[in-house]
Amino acid sequence: MAGTGAHPLVRAEHFIWLTARVLEQRRFAHSFLDGDPDPVETALTAYRNEDGGYAHALEPDLRGPVSQPLHTAHALGVLDSIGRCDGLRVERICRYLSDVSTKEGALPALLPTQRGYPAAPFVPVVDDPPAELLATGPIVGLLHRNEVWHAWLFRATDFCWRAVDTLEQSHPYEIEAALAFLDGVPDRARAERAADRLGRLVRGQRLAVLDPARRAEYPVAPGYAPGEHHFPHDYARTPGSLARRWFTDEELERSLDHLAAEQQEDGGWPVNWRQWAPGTALEGRPLVTLRALETLRAYGRPPG
């Protein structure tokens, strides 16, 4: 049994076995215990629908059986993490993305089919939702990074470029979506120029807490929960991200120190977004814990 004096990774493992869904247990085993990727993909398949999209609270803040782009982006991230973002599995996903895209060829955050099923109050259901960088950027960037070529990508890529190039006022999750696009898109020179501009925007609008000891002095974006701040490590999740250039070594080290210190006594990391239902908070913490462990490892900072 992992007590409070145990190694942080041991405590995190105990937390995962105690609280996580089967999918996150299998992901942890694959990432940190040399587990096979097959069980990860098997667990993920349970969330897939016949239309090629994903549902069933894969993204915990959206409940119910209807496929949604945010669930499908989550699924692609899982496949990417196990090196399975290819073949027929991704062809089916791209067909689904084509079917649910707006007239711009991009994705809304939430389709009206969600109406009648529980969803977080900060993800409103509307009848004719617009295409959003928040939903489209991470998917497009990930597919490009995995050298997936599909007709859907052409217009979706153009949409993302327009959205990124016209960003003037933003918020952390939209910036993260833009980064996910820029970190994967093939035109690296253009991506670097766009990322440089976004970095100035992030610093100018104080969208990253550069000193965790003074985080109360930083604004929280409208609609975010109290204390829902973002830090340099939330943007630059790996040293290879274009966002790494936005922060000094000292700023990033402080951010990583803060991330490591956020591990709680039970071994997991906390969620800082608005908690609106007991199940979503319970399912969200293992996801946050996996991301924290992966970020620390990417920088050569395993817990402890």
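In the hydrophobic clustering of this structure, Leu33 groups with Leu290; members are Ile, Leu, Val, Met, Phe, Trp, Tyr whose side-chain heavy atoms approach within less than 4.5 Å, directly or through other members. In this structure, Leu153 is a member of the same hydrophobic cluster as Leu79, with clusters built from ILVMFWY side-chain heavy atoms closer than 4.5 Å. No single ILVMFWY cluster, assembled from side-chain heavy atoms under 4.5 Å apart, contains both Ile93 and Leu110. Hydrophobic clustering of Ile, Leu, Val, Met, Phe, Trp and Tyr side chains at less than 4.5 Å, counting indirect connections, unites Tyr235 with Tyr218. Residues Trp17 and Leu23 are members of separate hydrophobic clusters, defined by side-chain heavy-atom contacts under 4.5 angstrom among Ile, Leu, Val, Met, Phe, Trp and Tyr.
Minimum heavy-atom separation, Ala55 to Gly64: CB-O, 3.9 Å. Contact record, Tyr299 with Ala236: OH-O, 2.7 Å, taken as the closest heavy-atom pair. Across all non-hydrogen atoms, the minimal contact from Gly267 to Phe15 is C-CB, 3.8 Å. Nearest heavy atoms, Thr238 versus Arg244: O-CB, 4.5 Å. Of all heavy-atom pairs between Gly53 and Asp51, the closest is N-OD1, 2.8 Å. The two residues Thr157 and His144 come nearest to each other via the heavy atoms OG1-NE2, 2.9 Å.
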- May I have the step-by-step check of side-chain contact (heavy atoms from CB on, under 4.5 Å) for Leu207 and Leu201, ending in yes or no? CA-CA 8 Å; Leu207 300 182; Leu201 184 153; 3.9 Å; yes
- Just do the salt bridge (charged side-chain N to carboxylate O under 4.0 Å, His left out) check on Arg190 and Asp165 with the steps written out, would you? CA-CA 10 Å; Arg190 185 177 178 183; Asp165 288 343; 2.8 Å; yes
- Intermediate values then yes/no, side-chain contact (heavy atoms from CB on, under 4.5 Å), Phe247 and Leu210: CA-CA 8 Å; Phe247 309 108; Leu210 302 179; 3.7 Å; yes
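For Glu50, the side-chain hydrogen bond (donor to acceptor under 3.5 Å, both in side chains) test picks out no residue, with sequence neighbours left out. With sequence neighbours excluded, no residue satisfies salt bridge (Lys or Arg N to Asp or Glu O under 4.0 Å) with Glu262. Taking Glu250 as the reference, Arg254 meet the salt bridge (Lys or Arg N to Asp or Glu O under 4.0 Å) condition, with sequence neighbours excluded. Partners of Asp38 by salt bridge (Lys or Arg N to Asp or Glu O under 4.0 Å), not counting sequence neighbours, listed by chain and number: Arg84. For His71, the side-chain hydrogen bond (donor to acceptor under 3.5 Å, both in side chains) test picks out no residue, with sequence neighbours left out. Judged as a side-chain hydrogen bond (donor to acceptor under 3.5 Å, both in side chains), and not counting sequence neighbours, Arg291 has no contacts.
Between Leu287 and Arg21 there is a side-chain heavy-atom pair separated by less than 4.5 Å. Two residues are said to be in side-chain contact when any heavy atoms from C-beta on lie closer than 4.5 Å; Tyr117 and Leu62 fail this criterion. Between Cys85 and Leu76 the shortest side-chain heavy-atom distance falls below 4.5 Å. Side-chain contact between Pro232 and Trp246 is absent, with no heavy atoms from C-beta onward closer than 4.5 Å. No side-chain heavy atom of Pro112 sits less than 4.5 Å from a side-chain heavy atom of Val126. A 4.5 Å side-chain heavy-atom check between Thr280 and Gln275 finds every atom pair outside the cut-off. A 4.5 Å side-chain heavy-atom check between Val202 and Ile175 finds at least one atom pair inside the cut-off. Contact check for Glu251 versus Arg203: side-chain heavy atoms found under the 4.5 Å cut-off.
For the ring pair (Phe, Tyr, Trp, His ring centres under 6.0 Å) condition, the pairs that include at least one residue of residues 25-60, sequence neighbours left out, are Phe28-Phe32. Identified under the salt bridge (Lys or Arg N to Asp or Glu O under 4.0 Å) test for residues 145-155, with sequence neighbours left out: Asp80-Arg145. Applying the side chain to side chain donor-acceptor pair (under 3.5 Å) test to pairs two or more places apart or on separate chains, those with a residue in residues 177-188 are Asp183-Ser241. Legend: side chain to side chain donor-acceptor pair (under 3.5 Å) pairs involving residues 90-100, not counting sequence neighbours: none detected. Sorted by first and then second residue, the pairs that involve residues 154-180 and meet ring pair (Phe, Tyr, Trp, His ring centres under 6.0 Å), not counting sequence neighbours, are Trp161-Phe181, His171-Tyr224, Tyr173-Tyr224, Tyr173-His230.
Using a distance-only test at 3.5 Å, with no hydrogens or angles considered, no donor-acceptor pair links the side chain of Gln264 to the main chain of Trp269. Using a distance-only test at 3.5 Å, with no hydrogens or angles considered, a donor-acceptor pair links the side chain of His229 to the main chain of Arg215. A donor-acceptor pair under 3.5 Å is formed between the side chain of Glu228 and the backbone N or O of Ala225. Looking at Arg197, its side chain does come within 3.5 Å of a backbone N or O of Leu167 through a donor-acceptor pair. Gln68 places a side-chain N or O within donor-acceptor distance of the main-chain N or O of Leu111, the cut-off being under 3.5 Å. No donor-acceptor distance shorter than 3.5 angstrom exists from the side chain of Asn49 to the backbone of Val66, with no hydrogens or angles considered. Gln114 places a side-chain N or O within 3.5 Å of a backbone atom of Arg63 that can act as its donor or acceptor partner. Within the 3.5 Å criterion, the main-chain N or O of His233 finds a donor-acceptor partner in the side chain of Ser255. Within the 3.5 Å criterion, the main-chain N or O of Leu143 finds no donor-acceptor partner in the side chain of Asn146. The backbone N or O of Gly268 sits less than 3.5 Å from a side-chain atom of Arg285, completing a donor-acceptor pair.
Atoms CG and CZ, from Leu252 and Arg301 in turn, are 8.5 Å apart once rounded to the nearest 0.5 Å. Residue Trp273 holds its CH2 atom at 8.0 Å from CZ of Phe122, rounded to the nearest 0.5 Å. Rounded to the nearest 0.5 angstrom, Leu179 CG and Glu176 CD are separated by 8.0 Å. Rounding to the nearest 0.5 Å gives a distance of 9.0 Å between OG1 of Thr19 and NE2 of His14. If you take CG on Leu44 and NE2 on His74, they are separated by 8.0 Å, rounding to the nearest 0.5 Å. Atom CG of Leu18 is separated from atom CG of Asp266 by 8.0 Å, given to the nearest 0.5 angstrom.
At a threshold of 4.0 Å, the pair Arg237-Glu294 does not count as salt-bridged, since none of the basic side-chain nitrogens sits closer than that to a carboxylate oxygen. Between Glu41 and Arg89, at least one side-chain nitrogen of the basic residue sits less than 4.0 Å from a carboxylate oxygen of the acidic one, meeting the salt-bridge criterion.
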For residues 127-142, tabulate all N or O donor-acceptor pairs below 3.5 Å that involve a side-chain atom, not counting sequence neighbours.
{"residue": "Asp127", "atom": "OD1", "partner": "Arg115", "partner atom": "NH1", "Å": "3.0"}
{"residue": "Asp127", "atom": "OD1", "partner": "Arg115", "partner atom": "NH2", "Å": "3.3"}
{"residue": "Thr136", "atom": "OG1", "partner": "Leu107", "partner atom": "N", "Å": "2.9"}
{"residue": "Thr136", "atom": "OG1", "partner": "Leu107", "partner atom": "O", "Å": "3.3"}
{"residue": "Thr136", "atom": "OG1", "partner": "Glu132", "partner atom": "O", "Å": "2.8"}

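Counted within 6.0 Å of CZ on Arg27, heavy atoms from surrounding residues, nucleotides or ligands total more than 12; the atom is thus considered enclosed.
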